[in-house]
Amino acid sequence: MNWKIKSFEELSTSELYTILQARVDVFVLEQNCAYEEVDGNDMEAIHVAGYVGDKLAAYCRLFMPSAKREHASIGRVLVTKEFRGTSCGKELMTQAIHTLEVEYKQKSIQIQAQYYLDRFYRSFGFEPISEVYLLDEIDHVDMVRVKGE
């Protein structure tokens with residue numbers, strides 16, 4: 001997989017369109033959630049996109065700690081329909097964690113995980129820090145990974 005890790009300003013209009021289209025396809029259409037996918041946070045995110053050839057296979061966005069968040073975070077984690085059932089999701093999480101911990105020297109990472117993926121995220125060292133809660137009609141749980149644990 002070919003990885004592109006870019007700030008919002010570095011994304012081409014074509015890359016941004018492809019990313020937004022994939023996010024809408026997965027989070028709005030497939031999961032049948034009517035919510036504001038274009039949420040105003042993309043400008044402060046680091047965008048991690050994995051391509052197989054010229055096709056977007058996996059994507060997530062990263063955030064640094066701020067006044068709004070105690071930990072660095074990973075969100076909008078997706079694998080496009082064509083590439084599900086491959087190792088793309090594992091590769092994406094490995095790349096995202098590496099980017100935050102090695103490139104940006106972050107010691108803790110939080111995710112707002114869909115609960116059915118609990119075991120997947122635990123395999124990367126994430127541990128629950130909340131009870132299961134409903135968000136957009138889908139069970140979620142907040143999880144944190146602390147570097148070295």
Side-chain angles (χ1 to χ4, degrees), residues 1-66 68-69 71-104 106 109-145:
M1 194 167 326
N2 176 33
W3 293 101
K4 295 183 180 181
I5 301 169
K6 297 183 175 187
S7 69
F8 182 80
E9 292 78 19
E10 294 170 321
L11 292 171
S12 70
T13 53
S14 178
E15 289 168 329
L16 179 60
Y17 182 87
T18 300
I19 288 166
L20 292 175
Q21 184 176 37
R23 286 178 17 195
V24 167
D25 286 349
V26 171
F27 300 120
V28 178
L29 298 175
E30 288 180 26
Q31 296 181 355
N32 197 26
C33 292
Y35 74 103
E36 193 172 11
E37 173 54 39
V38 181
D39 60 5
N41 294 318
D42 288 309
M43 285 79 75
E44 68 179 276
I46 299 159
H47 301 269
V48 179
Y51 293 84
V52 174
D54 63 348
K55 293 183 178 182
L56 179 65
Y59 168 83
C60 69
R61 63 184 187 179
L62 312 178
F63 295 96
M64 295 301 121
S66 68
K68 294 191 289 188
R69 60 184 71 82
H71 309 279
S73 67
I74 302 172
R76 298 299 199 267
V77 177
L78 69 84
V79 174
T80 59
K81 197 176 246 183
E82 180 178 352
F83 294 97
R84 290 187 195 142
T86 67
S87 62
C88 290
K90 290 179 181 178
E91 289 181 52
L92 174 63
M93 286 305 296
T94 299
Q95 184 66 52
I97 291 166
H98 173 84
T99 300
L100 286 170
E101 290 183 351
V102 176
E103 304 298 323
Y104 289 93
Q106 297 302 305
I109 303 168
Q110 184 168 349
I111 56 174
Q112 190 176 42
Q114 292 185 5
Y115 184 65
Y116 81 96
L117 292 167
D118 176 78
R119 187 179 310 172
F120 173 75
Y121 290 118
R122 283 178 186 263
S123 74
F124 292 96
F126 287 91
E127 293 295 330
I129 58 166
S130 76
E131 297 296 322
V132 176
Y133 59 92
L134 202 58
L135 178 65
D136 298 318
E137 303 302 317
I138 299 171
D139 285 338
H140 282 74
V141 63
D142 294 338
M143 302 178 88
V144 168
R145 169 193 162 99

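By the 4.5 Å heavy-atom criterion applied to side chains, Tyr104 and Ile46 are counted as neighbours. Between Asp139 and Tyr116 the shortest side-chain heavy-atom distance does not fall below 4.5 Å. Contact check for Lys55 versus Thr80: no side-chain heavy atoms found under the 4.5 Å cut-off. Side chains of Glu30 and Lys81 form a contact here, defined as non-hydrogen atoms less than 4.5 Å apart. Residues Glu91 and Thr86 form no side-chain contact, since every pair of their non-hydrogen atoms from C-beta on lies 4.5 Å or further apart.
Considering all non-hydrogen atoms of both residues, Ala57 and Cys88 come closest at CB-SG, 4.1 Å. Listed here is the closest heavy atom pair of Pro128 and Val141: CB-CG2, 4.0 Å. Between Ala58 and Trp3, the shortest heavy-atom distance links the atoms CB-CH2, 4.5 Å.
A distance of 7.0 Å separates CG in Asp42 from CG in Leu16, rounded to the nearest 0.5 Å. Between atom CD1 of residue Ile129 and atom CD of residue Gln110 there is a gap of 4.0 Å, rounded to the nearest 0.5 Å. The distance from the CE atom of Met93 to the CZ atom of Phe126 is 4.0 Å, given to the nearest 0.5 Å. Rounded to the nearest 0.5 Å, atoms CG (Leu100) and CG (Leu62) are 4.5 Å apart. For the atom pair CD1 of Ile74 and CG of Leu92, the computed distance is 8.0 Å after rounding to the nearest 0.5 Å. Atom CD of Glu44 and atom CZ of Phe63 lie 5.0 Å apart (nearest 0.5 Å).
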Derivation of the side chain to side chain contact (heavy atoms under 4.5 Å, CB included) call for Gln95 and Ile5 | CA-CA 9 Å; Gln95 184 66 52; Ile5 301 169; 3.3 Å; yes
Glu15 and His47: side chain to side chain contact (heavy atoms under 4.5 Å, CB included), yes or no, with the steps?
-> CA-CA 10 Å; Glu15 289 168 329; His47 301 269; over 6 Å; no
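Using modelled atom types, one side-chain atom of Arg23 and one backbone atom of Glu37 make a donor-acceptor pair closer than 3.5 Å. Of the possible polar contacts, none joining the Glu9 side chain to the Ser7 backbone as a donor-acceptor pair under 3.5 Å is found. Formation of a donor-acceptor pair under 3.5 Å by the His71 side chain with backbone atoms of Arg69 is not found in this model. Side-chain atoms of Arg84 come within 3.5 Å of backbone atoms of Val79 as a donor-acceptor pair (strictly under, hydrogens ignored). Between the side chain of Ser87 and the main chain of Lys90, no donor-acceptor pair closer than 3.5 Å is present.
Qualifying salt bridge (charged side-chain N to carboxylate O under 4.0 Å, His left out) partners for Glu101, counting only residues two or more places apart in sequence or in other chains: Arg145. With sequence neighbours left out, Asn41 forms a side chain to side chain donor-acceptor pair (under 3.5 Å) with Asp39. Legend: residues meeting ring pair (Phe, Tyr, Trp, His ring centres under 6.0 Å) with Tyr133, ordered by chain and number and at least two apart, are absent. Legend: residues meeting ring pair (Phe, Tyr, Trp, His ring centres under 6.0 Å) with Phe124, ordered by chain and number and at least two apart, are Phe120. Residues passing the salt bridge (charged side-chain N to carboxylate O under 4.0 Å, His left out) test with Asp142, sequence neighbours excluded: none.
Remark: the Thr99 side chain and the Glu103 side chain contain no N/O donor-acceptor pair separated by less than 3.5 Å.
Using a 4.0 Å cut-off between charged side-chain N and carboxylate O, Glu10 and Lys4 make no salt bridge.
Within the structure, the salt bridge (Lys or Arg N to Asp or Glu O under 4.0 Å) test picks out the following pairs touching residues 117-135 (sequence neighbours left out): Asp118-Arg122, Arg122-Glu127.
Annotation for Tyr115: atom OH does not count as buried by contact number, only 12 or fewer foreign heavy atoms lying within 6.0 Å.
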